[in-house]
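First comes the structure, then the notes that go with it.
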Amino acid sequence: MFNVQDIRKDFPILSRKVNGKSLVYFDNAATSQTPQQVIDAIIDYYANYNANIHRGVHTLSQEATDLYEQARQKIQAHFNAKFSHEIILTSGTTDSINLVANGFSSLLKKGDEIIVSALEHHSNIVPWQMLCERTGASLKVIPMNEEGELVITDFDNLLSKNTKLVFVNHISNALGTINPIKYIIDKAHQVGAAVLIDGAQACPHIKPDVQALDVDFYVASAHKMCGPTGVGMLYGKEDWLNKLPPYQGGGEMIAEVTFEKTTYADLPHKFEAGTPNIAGGIVFGAAIDYMNRIGFDAIAAYENDLLNYATEKLLAIDGLKIYGTSKNKTSVISFNLEDIHPYDVGTILDKLGIAVRTGHHCAQPIMDFYCIPGTVRASFSFYNTKEEIDTLVEGVKKAKMMLS
Ligand code: PMP
């Protein structure tokens, strides 16, 4: 049974004060907070198992290796991948995307086309621009509309036999829009293109099924899912991961090395050069366990309630405009107060102990679309409450009074 007050007890940081006020943490889309169970898993690893993995005969190394590989299996089960070797542990979403972009350098040529969307985070734009520079391929963009949704008929028109790759985020970090990824995947496959879905913002709210989606690549970061920073995942279909060349060279990713020739290890190790973030990988598994114990259906229902409550209360403030008004969205509200700079609003809210994000949210093309420098973004998680939203609303009113 979902009980937010019980859940809040799991998060020590939620009881701290900021600027003399109780912390109200609404920057969840940037990084989620960490429950005690996950903090305990970090301590347990360093207190009891710390050793390098995959190469030791001694007991600690074997135990750490087992825990690391068990975490990979948990991630496999969570995303419903067919094989655990289709899960590559990376340093995060950005790293996962760059791994794939790098791999496609040898598979693309001039005349090939890559499609991205107008709603992307910079980490799902820049690596593809760099890939285009390396290969001569060109980048096409699915446009967005005023509601912050993709204009999907334009996507249909962009597809052609030249389309080799399509990259779209599952959920926009700046606006919260949930994109129609199943439609995009199926359409892209009809012209033989591969699809990478950036799930960084989706995974804190929903549980994706990569086999049901039939997606080629899916990426996420642990730190947005109650896990630690510096670790994330890349799911890739086995055939694709076998086709892509290694990303980085080094220890762990080889089968045999001589000065004449090196052969590479099998999946997943081919893409995991060097000592990985061992504690991070293991604790990513603990974070997934934690979220699954709460349950993604309960999380989605509760957060949706928070979203509706906050939307109504904020819209009642004269001069407040919300960007991203799709009916299909998660618990992110991007807004501006008249023509007051978002940074000024954020600074006053911080003085009141309220953490929001201000700026372009690494999605400058979205801000350009709306002709604004940025927004104030309040993003809610399952451990937030309606009382905290009331505090935000009062804070925004105060900011308006002081800055108008
Ligand atoms: N894509 C999206 C949609 C994101 O929201 C983020 C994080 N803000 C990223 C990619 C990058 O994630 P990371 O910084 O963890 O690599």
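Order of appearance sets the numbers: ligands from 1, and atoms from 1 within every ligand. This one's a predicted model, so the numbers in the text were calculated from it and none came from an experiment.
Nearest protein neighbour of atom 4 (C) of ligand 1, counting heavy atoms only, is His121 CD2, 3.4 Å. Here the heavy atom of the protein found nearest to atom 8 (N) of ligand 1 is Lys224 NZ, 2.8 Å. Among all non-hydrogen protein atoms, the one lying nearest atom 2 (C) of ligand 1 is Asp198 OD2, 3.4 Å.
Because its NZ or CZ atom is not both nearer than 6.0 Å to the ring centre of Tyr264 and within 45° of the ring axis, Lys270 does not count as a cation-pi partner of that residue.
Close approach of ligand 1 to Ser123 is summarised as follows: ligand atoms under 4.0 Å from at least one heavy atom of the residue are 1 (N), 9 (C), 10 (C), 11 (C). Atoms of ligand 1 lying under 4.0 Å from any heavy atom of Gln201, numbered from 1 in the order shown and given with element: 3 (C), 4 (C), 5 (O). Of all atoms in ligand 1, listed by their number and element, those nearer than 4.0 Å to a heavy atom of Ser221 are 12 (O), 13 (P), 15 (O), 16 (O).
Between Arg55 and Glu252 there is a salt bridge, since a side-chain N of the basic residue sits under 4.0 Å from a carboxylate O of the acidic one. Of the charged side-chain nitrogens involved, none lies within less than 4.0 Å of a carboxylate oxygen, so that Asp214 and Lys182 do not count as a salt-bridged pair.
The shortest N or O to N or O distance between His223 and ligand 1 is below 3.5 Å. Any N or O atom pair closer than 3.5 Å counts here, and Asn169 shares no such pair with ligand 1.
Contacts with ligand 1 closer than 4.0 Å are made by no heavy atom of His361, backbone or side chain. Contact annotation for Thr93 and ligand 1: heavy atoms of both the backbone and the side chain come within less than 4.0 Å of the ligand.
Interatomic distance, CG of Asn102 versus CD1 of Ile97, reported as 13.5 Å (0.5 Å rounding).
Within 6.0 Å of CZ on Phe83 lie more than 12 heavy atoms contributed by other residues, nucleotides or ligands. When the shell of 6.0 Å around CG of Asp6 is examined, it contains more than 12 heavy atoms from other residues, nucleotides or ligands.
Every heavy atom of Asn124 sits 4.0 Å or more from the atoms of ligand 1.
In the model, His121 has no side-chain atom that pairs as donor or acceptor with a side-chain atom of Asp198 under 3.5 Å. A donor-acceptor contact closer than 3.5 angstrom is absent between the side chains of Gln201 and Thr330.
Within the set Asn173, Thr94, Thr229, Thr90, the minimum heavy-atom distance to atom 14 (O) of ligand 1 is found for Thr94.
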